[in-house]
Amino acid sequence: MTCAVVSILTQLVMNMIVADCASDTAPDGTYLVEIQAGDSVGEGFTYDPETQTFTAPQ
Amino acid sequence: MIRRFPILLVLLLAVAWPAQAKVIFLTAGTSWTVPDDWNSAANTIEVIGGGASGGRGSGSTRGGATGGGGGAYAKASNVALTPLASVTYAVGAGGTAVTGTTSNTSSSGNAGGDSYFCNSSSNCASISGTAVVSGAKGGSAGLGYNTATTTAGGAGGVGSSGIGGTLYSGGAGGDITATNTTTGTGGGGAAGPSGAGSAGTSSATSNSTAGGQGDVTSGGTAGASAGGTGGNGAEWTANDTWNGTAYTGTTPSGGSGGGGGGNRQTTTNTAGTGGTYGAGGGGVSAATASNVSHTSGGGTQGLIIITYTPASGGLQIDFGNGVGLNAPANDNAAPLRLNMVAVR
């Protein structure tokens, strides 16, 4: 599956990778969020954990 | 009187042939354990970034869209790693396709992710991490628009932004170079060990164009116009594939994929997907005002290719309980020949 690598500090998407978002270990200082079909996400997007949505950079 | 006792002489000759290089693909996951026969003096770590998806043009009969960029390539040689240590890596994802109808506004595609490999499990949160020893950028997204304009294809992953001794850029999606066109251009090919990926074909008229070939001319073929799928690369043949959880035991071939073909919606409504690995998808345009769904071509994921020559044979001879042979704990041992000769 496709996962967004999200910074714990900034909530910014740092990369998009192929991994098991639930079980694979996230790189230090990040966590993994599964990308659903149809989501538009890329590096620099901001993730909102409460709404579980991604916002494009302004 | 001289008694002559049988004499048993066992001669063991263990002859090690030169070890053969092993090739391992990393296709998913984040963590890999360095084999115990890792050779820091004879290895390469190559990476291909993820390809981007094409854009989707719509909203009017003049909507057009460009293909996504292909992933870059990087290679590092003789990387020092600690046997049995755990290291972190990232396999860049392909940009997912975008879909909509002619009544929707246009949309850009999605960028491909960066692929990179680190020499430790820390300082590896992005391609900019200090532990990254080989890294390649993903392609940039193709664009879509509603009204007549000129539009550049998604840029290929920039080779010089990567990490490694050899760096090549991915191919860009095809440009739309004239106004008043309803055009879907092809995606860019992925870069590879032979060089940059080729760009998708540009256009100044209302039509569909082909994608770009991967790895100059050595990778996957370009997807044909009107939605052709890009060809898969086959520059490497792996001994095994690590998917993040286990070795799959397969011996696949893989390489730099060709870009997917663009599509000006006529008989079909989907642009071509890039070939594996790292290729950009085609852009899709709406040539008619009918309110039907149309979908851009998705980019394909990146790849990490680890090649190394095992450091030693790994054969152990245990004389404690007679003569026996202990097989190595892993399957990366060099081949050995054992000759046993008994003489009375």
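Side chains are part of it too, since the values below use all heavy atoms of this structure and drop only hydrogens, waters and symmetry mates. Protein chains get the first letters and strands the later ones, always in sequence-line order, with residue 1 at the start of each.
- Here A:I17 contributes atom CD1 and B:Y116 contributes atom OH; the two are 7.0 Å apart, rounded to the nearest 0.5 Å.
- In terms of non-hydrogen atom pairs under 4.5 Å with chain A, the most contact-rich of B:D114, B:N123, B:T245 is B:D114.
- A distance-only check finds no donor-acceptor pair linking the side chain of A:T30 to the backbone of B:A125 [under 3.5 Å].
- For B:S121, the part sitting under 4.5 Å from any heavy atom of chain A is the backbone (N, CA, C, O) and nothing else.
- Here the shortest heavy-atom pairing between B:A90 and A:N15 reads CB-ND2, 4.0 Å.
- At a 4.5 Å heavy-atom cutoff, the contact between B:V98 and chain A is made by side-chain atoms alone.
- Scanning all heavy atoms of the two residues, the minimum distance from A:D39 to B:N110 falls at O-ND2, 3.7 Å.
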request  = For side-chain contact (heavy atoms from CB on, under 4.5 Å), just list the numbers for B:S31 and A:D24, CA-CA rounded to whole Å, side-chain angles, deciding distance to a tenth of an Å, and then say yes or no.
outcome  = CA-CA 8 Å; B:S31 183; A:D24 280 326; over 6 Å; no
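- Residue with the most contacts toward chain B among A:S40, A:C3, A:G29: A:S40 (heavy-atom pairs, distance under 4.5 Å).
- Contact count against chain A (heavy-atom pairs under 4.5 Å) is highest for B:A93 among B:A52, B:G113, B:A93.
- Annotation: maximal heavy-atom pairing with chain B below 4.5 Å, among A:S7, A:G42, A:A26, A:P27, occurs at A:P27.
- Along residues 126-140 of chain B, the residues that come nearer than 4.5 angstrom to chain A, judged on non-hydrogen atoms, are B:S126, B:K137 in order of number.
- Heavy-atom pairs under 4.5 Å with chain A peak, among B:G50, B:G302, B:S122, at B:S122.
- With a 4.5 angstrom heavy-atom cutoff, B:T27 touches chain A only via backbone atoms.
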